[in-house]
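To start, the structure itself, in structure tokens.
Every number for a ligand or one of its atoms is a count from 1 in the order of the listing.
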Amino acid sequence: MGESCLDSCDISMKVFESIFERSLCGQPLNQSEVAALLATPPGKPLEDLFAVARAFRERSFGNHVFIYGFIYFSTYCQNYCNFCLYRQCNQSAPRYRKPIEDILDVAKALEDDGAHLLDLTMGEDRFYTQNDGERLLDLVARVREAVAVPLMISPGVINAELLRATAEQGLDWYACYQETFNKRLFSRLRKGQDFHSRLKAKVQAMQAGFLLEEGLLVGVGESSADIGAAIEAMRNLQASQVRAMTFRPQRGTPMANWQAPDSLDELRLIATLRLCFPDKLIPASLDVDGLDGLRARLNAGANVVTSVIPPRHGLAGVSRARVDIEDSQRTVSSVTPVIKGLGLKIAPILTYQQWIKKEKRRFFRQDQTDFRSAQLG
Ligand code: SF4
């Protein structure tokens with residue numbers, strides 16, 4: 001990429017130029033630099049930030065975009081996260097456990113449509129994790145047998161043995177979002193849960209051979225210093241996919257009347273993540289603003305369209321449980337014109353599989369004692 005992206009985006013502010021130059025040289029940004037990016041004013045400075053983020057994406061991924069299918073197979077949860085529609089006592093949440101036949105149908109449909117990965121998600125549902133997780137393992141084995149695409153598991157916090165057994169079924173990714181690395185904010189958001197146990201599950205997942213997706217929630221009272229610290233923590237953790245999602249108030253929850261943030265801060269964070277993690281995967285989730293929000297997220301430097309959900313299976317999203325699903329707006333064919341309209345293209349399946357292989361080789365070649373001790377200490 002050389003100097004070209006900086007030349008073309010015509011950044012006027014010296015401070016940004018120096019941040020971009022440091023990122024280009026692969027130097028980690030410090031907290032005040034992250035804070036400066038997160039405070040980028042609208043208008044030309046923000047457009048320039050997005051242009052640089054896109055240039056960083058292009059350098060690592062060319063014009064390729066990946067697509068993830070989302071299968072929320074159980075919406076039951078034992079936890080009480082204050083921000084979440086699916087917290088245990090919320091009567092407003094759609095509750096279901098999908099029969100295995102439905103799950104397999106959806107998995108095959110998503111694979112046929114060209115999804116690069118299927119994300120198997122559940123609340124922390126003891127139905128699946130009790131008895132050494134035999135139901136979860138059976139489900140995972142059946143899906144593994146039915147489709148060839150890479151799989152991600154998002155089961156919440158599970159123990160090391162179950163993580164290992166799940167990884168042995170041939171899954172590639174474990175997704176588990178801290179949402180914030182500010183421990184006080186964490187305890188307000190994830191009521192009754194332990195900050196370190198959640199972190200430890202991720203380290204154990206990586207020890208079992210998983211790549212890790214980490215995630216932050218935007219607009220829940222975090223400061224830019226919190227985000228700076230979170231970026232550093234995600235770097236130490238060596239997450240291979242880093243997600244930012246704007247909080248949407250959920251009916252029936254303690255945060256139902258929280259002032260709904262707009263999505264601009266999420267876009268700034270996506271661009272900032274791209275500068276901090278140029279060669280990692282960054283989602284553009286359909287689960288915040290539906291299909292309408294896809295263009296802006298890709299424009300800010302994201303390179304994975306997530307939360308693709310086929311209609312007519314009664315499946316829900318997480319943040320926007322129903323938006324755009326039954327009218328087929330969260331399908332591969334609906335997102336394709338948006339991707340093409342930005343001069344991007346859906347990557348061949350093989351390209352994604354090769355990326356995973358390369359990431360695993362890079363990751364597991366390293367001396368892993370560093371990240372394990374860093375995060376458990
Ligand atoms: S965020 Fe996850 S763990 Fe928390 S209540 Fe919702 S489904 Fe459960």
Side-chain angles (χ1 to χ4, degrees), residues 68 70-98 103 119-130 133 135-136 139 152-159 162-163 166 173-202 204-205 212-222 230 241-256 258 260-261 266 283 285 287-288 306-307 309 314-323 325:
Y68 286 7
F70 184 70
I71 306 177
Y72 200 2
F73 62 87
S74 169
T75 61
Y76 285 89
C77 186
Q78 65 183 356
N79 289 334
Y80 294 88
C81 298
N82 280 336
F83 59 89
C84 180
L85 178 64
Y86 299 96
R87 67 198 305 267
Q88 188 183 141
C89 53
N90 191 1
Q91 305 291 332
S92 307
R95 298 281 179 201
Y96 60 78
R97 289 187 188 103
K98 287 291 170 194
I103 297 169
D119 176 4
L120 303 172
T121 295
M122 65 179 207
E124 288 195 14
D125 182 2
R126 283 188 47 74
F127 176 82
Y128 282 101
T129 53
Q130 66 192 353
R135 288 197 181 100
L136 181 61
L139 182 152
M152 171 184 275
I153 184 91
S154 312
V157 175
I158 57 176
N159 66 42
L162 188 48
L163 281 165
T166 313
W173 288 90
Y174 175 64
C176 185
Y177 310 131
Q178 207 74 7
E179 308 297 6
T180 176
F181 283 77
N182 174 328
K183 290 179 192 163
R184 286 179 59 199
L185 184 55
F186 178 97
S187 65
R188 288 206 297 274
L189 295 174
R190 292 196 171 275
K191 204 169 154 41
Q193 294 166 62
D194 182 62
F195 182 90
H196 289 285
S197 303
R198 196 166 184 85
L199 213 46
K200 189 172 162 187
K202 298 175 222 203
Q204 289 171 333
L212 175 70
E213 182 185 10
E214 178 58 275
L216 303 177
L217 205 48
V218 179
V220 285
E222 73 283 359
Q241 180 162 310
V242 285
R243 179 223 73 174
M245 261 176 77
T246 307
F247 169 64
R248 293 284 176 247
Q250 304 292 337
R251 63 188 184 279
T253 69
M255 292 175 73
W258 190 265
E266 178 190 325
S285 177
D287 207 31
V288 182
T306 61
S307 277
I309 302 175
L315 287 165
V318 171
S319 175
R320 304 298 295 277
R322 299 296 187 204
V323 167
I325 297 175

Provide the protein N, O or S atoms situated under 2.8 Å from atom 4 (Fe) of ligand 1; waters are not included. Cys81 SG
By side-chain contact (heavy atoms from CB on, under 4.5 Å), Ile309 pairs with (sequence neighbours left out) Phe70, Leu315, Ile325, Arg330
Determine, for Glu179 against Arg190, whether the closest basic-nitrogen to carboxylate-oxygen distance falls under 4.0 angstrom. yes
For residues Tyr128 and Phe73, establish whether the separation of their ring centroids is below 6.0 Å. yes
Do Leu162 and Leu136 have side chains that get closer than 4.5 Å, going by heavy atoms? yes
According to ring pair (Phe, Tyr, Trp, His ring centres under 6.0 Å), who are the partners of Phe195, at least two apart in sequence or on a separate chain? Phe186
Salt bridge (charged side-chain N to carboxylate O under 4.0 Å, His left out): pairs with one or both residues in residues 72-98, sequence neighbours excluded: Arg97-Asp125
